[in-house]
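Structure first, commentary second.
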Amino acid sequence: MIVKRIREEILKHLPADLPVKVEAPPREELGDYATNAALVAAGRLKRPPRELARELAEKLARCEDLFSRVEVAGPGFINFWVAPTYWQAVVKRVLARGEEYGRSDLGKGQRVQVEFVSANPTGPLHIGHGRGAAVGDTLARILSFAGFEVVKEYYINDRGRQMEILGRSVWLRAREIAGEKIDFPEDHYRGDYIRDLARELLARRPDLLELPEEEALEICREFALREILSGIRRDLEDFGVTYDVWYSERELYEKGEVEEALAALAEAGHLYEKEGALWFRASAFGDEKDRVVRRSTGEPTYFASDIAYHREKFLKRGFDLVVDVWGADHHGYVPRLKAVLSALGLDPERLKVLLIQMVNLIEGGKLKSMSTRAGEFVTLRELLEEVGRDAVRFTFLTRKCDAPLDFDVELVKSQSSENPVYYVQYAHARLASVFRKAEEVGLLPPSLEEIPAHRLDTAEDFRLLKLLDAFPRVIEEAAVSLEPHRVTYFLLDLATALHDYYTKHRFVSEDEELSRARLALARAVKQVLARGLNLLGVSAPERM
RNA sequence: GCGCCCGUAGCUCAAUCGGAUAGAGCAUUGGACUACGAAUCCAAAGGUUGGAGGUUCGAGUCCUCCCGGGCGCGCCA
C-alpha cells in the first residue's frame with residue numbers, strides 16, 4: 001500500500017483537493033510509481049507543468065527512507081524509484097498478518113446486502129444464472145474482506161401467475177402420463193423436468209388425478225415449488241454459493257409489507273388512480289413513465305412487491321447499501337426502482353444494480369437460444385459436471401460483467417486443462433511442492449524476525465514484492481467499483497511473476513540464508529494466492 | 001421510433017473512475033527438462049481500439065453524429 005504513503009508525501013506540497021494520482025507507469029524503466037501531480041496542479045497554479053514537476057521532485061527526493069530516486073519525465077510526470085528496503089520489508093508485513101493480509105476497514109462496518117440469482121423457482125438454473133451466482137457470491141466475499149458487513153440474499157418469487165402456470169404444467173403432464181391426450185399449451189413450462197416432477201408426484205400421490213382440479217393444482221404447485229427450489233439450492237451449494245437469507249415473496253405479503261409500502265407512497269402523495277388502476281408517479285423521479293402498482297382487478301403488480309421488498313431492505317433491516325445483481329434484460333427496471341427510493345426519501349445511490357449481460361451459448365459454432373419455458377438450456381449442473389466448479393467460476397470471473405459473454409461449451413471442455421484457472425492453481429501447488437522439498441532437506445521456514453529479507457534483491461524478487469504490496473489495494477478497488485474480475489487479473493499477474501521466478505531462481509539451494517529468505521517470500525506468495533482464490537470461491541490445491 | 005449496454009490482435013478477453021510505446025491467454029511458428037512439479041518458461045508474428053468529427057498538455061476511455069450487434073420499452077414476472 002505504498003501508493004497511499006507516496007500520495008501523502010506529495011499532498012504535503014500541494015492543495016489537497018487536486019485529483020492527484022499515483023500509479024505504476026507503463027514501463028519498468030520509468031520507475032516503480034509515477035504521479036500526475038504536476039500536470040493537474042499546473043492549471044490551478046498557472047505554471048508550466050515541467051517546472052512545477054522539477055520543484056516537486058526535488059522536495060520529494062529528500063524522503064530517503066522511501067525513495068531511492070525521483071525524476072521528472074514526459075510532459076511533467078514525476079517518476080519514483082522506491083527504496084529496496086521498503087520492498088524487502090513487505091514480506092514480513094504479509095506474513096505477520098497471515099490469512100488476514102489484504103483485509104481492510106474500507107467499509108467501516110457498513111451493512112451491505114448483496115441480492116443475486118433470485119431466479120424464479122420454475123425450473124433449474126442455467127448458465128446465465130451461473131454467471132450471476134459467481135459474480136454475486138465473489139462480490140460478497142470481497143466486500144466482506146474489505147470491511148463491510150455483508151448479507152447474501154436470494155429473493156424467491158413464489159407467488160403470482162407464473163406459479164399457477166407451473167402448477168398447471170405439472171398437472172397436465174401428470175394427466176398425460178396417466179394416458180390422457182393433452183394439448184400442451186405453448187406458454188406453459190415444457191422442459192423435461194416438469195414431466196419428471198409429475199411422475200414423482202404421481203408416485204407419492206396416486207390419488208392426485210381424482211382430486212378436484214383446484215386442490216390438485218395446488219398440490220402440484222406446492223410440490224413443484226419445493227422440489228425446484230431445493231434443486232436450485234443444491235446446485236448453488238455445489239457451485240460454492242451459500243446464502244444467509246432466502247426471502248420469500250409470499251412472506252412479504254403475509255407480513256403486510258406490500259400494503260404498508262403502498263400506503264406510505266400514497267400518504268406521501270405519489271400514487272393516483274386512473275382507469276381503475278393505482279399508479280406510482282415514477283415520471284416525477286426520472287423514470288420515463290408512471291407505473292401501475294395495483295391492477296384494476298385489485299391485484300398488486302410484481303412491481304408492488306419489489307417496492308415493498310426494497311423499502312423493507314432499507315427501512316426495516318437498515319442496510320446502508322444494497323447491491324442487486326440482475327440479468328441485463330431487466331435494465332429497464334432500474335429507473336423505476338430508483339424512483340421508488342427517491343419517493344420514499346431515500347438516496348437512490350444507496351441502491352447499486354449490477355447488470356449481468358447475457359451468456360450466449362455456442363454449440364457447434366452456432367448460437368443456441370435458451371428459454372426456460374421452452375425447456376431449452378444448458379443447466380448449471382450440466383456445466384459443473386462437465387467442466388468443474390473451479391473452471392466455471394474462474395471463467396465467469398475473468399470478464400467484467402457488463403459485456404456479453406460467449407460460452408463455447410465444447411471449447412471450454414476441450415481446453416479445460418489450459419483454462420487460466422489451472423495456471424493460478426498450479427502456481428500455488430508448485431509452492432506447496434517447494435515446501436515439501438524444503439522439509440525433505442531439513443530446511444525450516446524462518447521466524448518473522450529472522451527473515452534475511454536483504455537477500456531478496458533480484459528483479460524477480462522485487463516484482464513479486466511489489467505485487468504482494470499491491471494486493472490490499474486491489475481488494476479495495478474491486479470492492480469500491482464492484483468489479484470482482486480485478487481480483488482475477490491480479491492473481492493471473494501474481495502467478496505469472498511466480499512462474500517466471502521459479503524458472504530463474506531456486507527456492508531451496510546450498511546457500512542456507514538465501515533459501516530462508518526465498519522460502520519466506522514463497523510463503524507470502526502462496527498465502528496471497530490462496531486468499532485470492534478463496535475470494536473467487538476457487539480451491540487452492542496443494543497438489544494437482 | 002425511443003432508451004440502456006457492447007464493438008479492442010484470427011478467437012476469448014484486459015487496460016488502475018483521461019495518462020507515457022494499447023496488454024494477456026488460446027491458436028500459429030521456432031526454442032528450453034541430468035537440480036524445488038514442463039499444467040511451466042523464452043522468442044517470433046499478430047492493431048488505423050467499428051467510422052467521422054470535437055473537448056485538452058494527453059482519448060480505447062469524455063461529448064456529438066453515423067455503422068453494426070444485444071437487450072428493453074405490459075394493468076407479465
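Source: prediction; values computed, not measured.
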Give me the distance, rounded to whole Å, that separates [N] from [M] when you measure between the [atom1] atoms they each carry.
N	M	atom1	answer
B/C17	B/G25	C1'	26 Å
B/A22	B/U49	C1'	8 Å
B/G10	B/U48	P	8 Å
B/G31	B/A52	P	42 Å

Rounded to whole Å, how long is the line connecting atom [atom1] of [X] with atom [atom2] of [N]?
X	N	atom1	atom2	answer
A/Q357	B/C5	CD	P	10 Å
A/R399	B/G25	CZ	C1'	10 Å
A/R506	B/A35	CZ	C1'	4 Å
A/M358	B/C4	CE	P	20 Å
A/Y422	B/U40	OH	C1'	17 Å
A/L354	B/C5	CG	C1'	13 Å
A/R294	B/G74	CZ	C1'	19 Å
A/L492	B/A15	CG	P	13 Å

Should the ring pair A/F145 and A/F471 be called parallel, tilted or perpendicular, given that the plane angle runs from 0 to 90° and is split at 30 and 60? tilted
Establish, with yes or no, whether the OP1 or OP2 oxygen of [N] is under 4.0 angstrom from a side-chain nitrogen or oxygen of [X].
X	N	result
A/H499	B/C36	no
A/Y426	B/A39	yes
A/K289	B/G74	yes
A/R336	B/G3	no
A/R430	B/A38	yes
A/K21	B/G19	yes

Check if the side chain of A/H330 and the base of B/G72 share a donor-acceptor pair of N or O atoms closer than 3.5 Å. no
Please confirm whether any donor atom in the side chain of A/S296 sits under 3.5 Å from an acceptor in the base of B/C75, or the reverse. yes
Closest-nucleotide mapping onto RNA chain B: is A/R436 or A/W279 further toward the 5' terminus? I mean the 5' end. A/R436
Select from A/A328 and A/N79 the residue whose nearest nucleotide in RNA chain B is closer to the 5' end of that strand. A/N79
Looking at every strand, decide which applies to A/R543 at a 4.0 Å heavy-atom threshold: base, sugar-phosphate, or nothing. base
Using a cut-off of 4.0 Å on non-hydrogen atoms, how would the nucleic acid contact of A/F435 be classed: base, sugar-phosphate, or nothing? nothing
Would you say CD of A/E55 has more than 12 non-hydrogen atoms from neighbouring residues, nucleotides or ligands within 6.0 angstrom? yes
Strictly under 3.5 Å: I want the nitrogen or oxygen pairs between protein and nucleotides 29-34 of chain B, one per line.
none

Glycosidic conformation of B/C33, syn or anti, with 90° from 0 as the boundary? syn
Aromatic centroids of A/F435 and A/F507 separated by under 6.0 Å: no
Nearest to the side chain of [X], heavy atoms from C-beta on, is which of [options]?
X	options	result
A/H331	B/G3, B/C42, B/A15	B/G3
A/A277	B/C36, B/C75, B/A20	B/C75
A/K400	B/C17, B/A14, B/A77	B/A14
A/L39	B/U40, B/C36, B/C57	B/C57

Roughly how far, to the nearest 0.5 Å, is the CD atom of A/E512 from the CG atom of A/L443? 5.5 Å
How many angstroms lie between CG in A/L519 and NZ in A/K526, if you round to the nearest 0.5 Å? 12.0 Å
Candidate list A/H310, A/H330, A/K352, test side-chain hydrogen bond (donor to acceptor under 3.5 Å, both in side chains), partner A/D324, passing option: A/H310
Decide, yes or no, whether a salt bridge links [X] with [Y] under the criterion of side-chain N to carboxylate O below 4.0 Å.
X	Y	result
A/E477	A/R473	yes
A/D306	A/R291	no
A/E273	A/R294	no

